[in-house]
Amino acid sequence: MNGSVAGQAAGATGEFAGRQRRQRLLDLGFKSLTQASATLVLACMAGILLSLLVRSWPSLQRFGAGFLWSSQWDPVTEEFGAAAAIFGSIVSTVIAMALAVPLGLAIALFLVELAPRPVSRLVSYAIELLAAIPSIIYGMWGLFVFAPFMGSHIEPALQSWLGFLPLFRGPPIGIGMLSAGVILALMILPFVSAVMRDVFGMVPAVLKEAAYGMGSTTWEVTRKVTVPFAVQGLVGAGFLGLARAIGETMAVTFVIGNSQSISASLFAPANTIPSTLANEFTEATTPLYLSALVELGLVLFLITFLIQLAAQFWLGRLARGRR
Amino acid sequence: MSDTPIPISTTLRSPAAAETAPRSASEAAPASKISVRDLSFFYGEHQALYHNDVEIAPSTVTAIIGPSGCGKSTHIRAYNRIFELYGKDRATGAVLLDGENVLGPDVDVIELRRKVGMIFQKPTVFPQSVFENVAYGLRIHFRLSRAEMAERVEKALRAAALWDEVRDKLSQPGAALSGGQQQRLCMARALAVEPEVLLMDEPTSAIDPVATAKIEDTVQDLKASYTIVIVTHNMQQAARISDYTAFFYGGRVVEFGPTRQIFTKPNQRQTEDYITGRFG
């Protein structure tokens with residue numbers, strides 16, 4: 001196209017105008033296409049929120065704000081409150097985060113800073129495989145292998161050491177809040193550690209060299225340079241894990257015991273929002289029951305949304321603090 | 001040592017005239033701070049340095065010049081054993097610091113790196129405040145009171161000619177400074193632990209000319225107390241600030257001698273071709 005010689009200048013000018021028009025059209029088409037795709041996401045969000053609101057309307061009208069803090073969940077008398085499920089969701093997620101974040105941090109640091117290359121690669125593959133296991137498998141393994149093990153070994157041990165805390169009282173049956181939290185931790189661990197590994201991988205080599213060049217040990221470099229430099233990404237990794245943990249359904253449903261009750265003991269059976277939904281949708285025979293379940297879904301939606309907002313706010317503040 | 005800068009532009013235009021420049025007897029090598037003996041270096045299987053021999057006198061600035069990929073950086077990265085961060089790399093031969101081989105097995109690498117500070121191509125400010133950046137090495141190597149710490153930090157910032165610019169910004173993040181200030185902050189950080197040798201790996205290549213001039217001035221001021229080795233792409237810079245110059249090519253030390261001689265009357269054809277811009 002650019003090969004046209006001077007003699008064809010007049011023709012070339014017309015051709016140029018035409019080409020310009022075509023390009024402008026093409027650009028416009030491309031812009032519209034991408035815009036439509038982006039709009040689709042917003043439309044989905046709005047649609048989901050709207051249908052949740054409409055479907056949960058009977059329950060919203062009947063129970064009002066009390067839905068959030070009543071722990072009464074009785075399909076027979078049609079009294080519904082979400083407190084137990086919300087409590088269970090939050091506590092199991094907190095347990096998962098408390099275990100997975102430090103462990104993920106340690107794994108990521110080992111892989112990036114300490115492990116020899118072949119070991120690092122092998123463990124990285126294993127972590128990615130772990131992330132690919134469907135959650136139902138975690139659930140079945142949790143029910144048949146892990147929960148009995150918790151009941152026979154871990155929980156009695158915790159009870160004998162820390163039994164003075166109300167957290168570790170009650171019968172150690174293995175099925176309950178603690179097992180659900182640990183299973184959740186195992187499930188988000190691959191995620192958290194893989195993202196943290198990538199975050200550490202992005203710390204410039206020359207920055208670490210400079211720190212080592214000052215005569216630092218690996219521990220000093222990690223504590224004072226690598227981690228502070230990567231903190232934003234690390235928090236992001238934590239929130240990714242959090243978002244996954246709070247919405248996780250199958251594995252939790254298998255091991256948490258599915259009891260709509262709030263107990264101080266981590267050994268006691270409990271429930272989360274997603275596991276309540278998974279368990280009870282098939283049994284929801286009355287419109288109000290169904291509506292209450294949808295309202296639970298709405299609550300989960302809003303909790304997740306709030307976590308995202310908090311994450312954005314936190315990351316924004318960190319970014320401002322850095323500059 | 002000659003204090004007057006060498007007018008490189010004239011020498012570059014007329015190398016023939018330079019041949020008549022007298023070689024001063026005072027430019028004979030004094031006792032060495034660093035003696036590099038038969039240093040070879042390998043990145044895994046690939047050999048990057050071949051039998052380097054360099055003698056670096058105390059309280060001098062030695063420039064290492066040569067085309068990209070000739071092993072300049074690799075060479076000085078052996079002095080503080082920073083190459084060891086990457087498993088497969090290894091050095092053979094000896095780098096004697098005050099007569100002691102730093103490549104030996106019993107060397108305390110942490111103390112070595114306190115004595116041999118390093119400045120990199122890009123500023124490597126740590127994600128901390130200005131003050132904490134300078135205090136970084138002090139906290140690692142010394143146990144100081146708050147007052148002593150503040151004193152040493154100020155002294156280091158003054159040595160790097162940065163104190164007047166940051167005295168009101170000590171608690172701000174180091175990354176908030178300009179590029180040139182960041183590089184001098186890194187110099188202050190290195191100077192704070194009172195090293196004996198300062199290695200500078202193209203310290204001004206990512207910095208504007210004004211900031212470069214400040215760093216060059218600082219190097220001149222520091223020369224009295226430190227032995228400085230500077231890798232540079234910029235031959236004018238080498239001519240301006242160094243007392244000795246080593247010309248590297250293909251991982252070998254082609255020529256090493258007083259800067260005046262290297263730039264006016266090089267013994268090797270390759271050196272002359274390089275400094276007159278015929279290649280590289």
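In the text below, chain A, chain B and the rest are named by the order of the sequence lines, each starting its count at 1.
Judged by distance alone, with hydrogens and angles left aside, the side-chain atoms of B:H141 form a donor-acceptor pair with the main-chain N or O of A:M214 at under 3.5 Å.
A distance of 6.0 Å separates CD of A:E209 from CG of B:L85, quoted to the nearest 0.5 Å.
Residue B:I140 comes nearest to A:G215 through the heavy atom pair CG2-O, 3.8 Å, listed as atom of the first residue, atom of the second, then distance. Scanning all heavy atoms of the two residues, the minimum distance from B:P127 to A:F229 falls at CG-N, 3.5 Å. Pairing each heavy atom of B:I82 with each of A:G213, the nearest pair is CD1-N, 3.6 Å.
Listed in order of number, the residues of residues 185-204 of chain B that approach chain A to under 4.5 Å between heavy atoms are B:R189, B:A190, B:V193. Residues of residues 97-110 of chain B having a heavy atom under 4.5 Å from any heavy atom of chain A, listed by number: B:I110.
B:Y86 touches chain A through its side chain: at least one heavy atom from C-beta onward sits under 4.5 Å away, while N, CA, C and O do not.
In terms of the salt bridge (charged side-chain N to carboxylate O under 4.0 Å, His left out) criterion, A:R121 has no residue partners (sequence neighbours excluded). Partners of A:S179 under the side-chain hydrogen bond (donor to acceptor under 3.5 Å, both in side chains) rule, at least two apart in sequence or in another chain, do not exist in this structure.
Counting heavy atoms of neighbouring residues, nucleotides and ligands inside a 6.0 Å radius, atom NZ of B:K122 does not exceed 12 of them. Residue A:F30 qualifies as open at atom CZ: its count of foreign heavy atoms under 6.0 Å is 12 or below.
Stacking of A:K224 on the aromatic ring of B:Y136 is recorded, both the 6.0 Å distance cut-off and the 45° axial limit being met.
Considering B:R81, B:E84, B:R113 in turn, B:R113 is the only one that fulfils the side chain to side chain contact (heavy atoms under 4.5 Å, CB included) rule with A:Y212.
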B:Q121/A:V206 under side chain to side chain contact (heavy atoms under 4.5 Å, CB included): CA gap, chis, key distance, verdict: CA-CA 9 Å; B:Q121 192 168 349; A:V206 69; over 6 Å; no
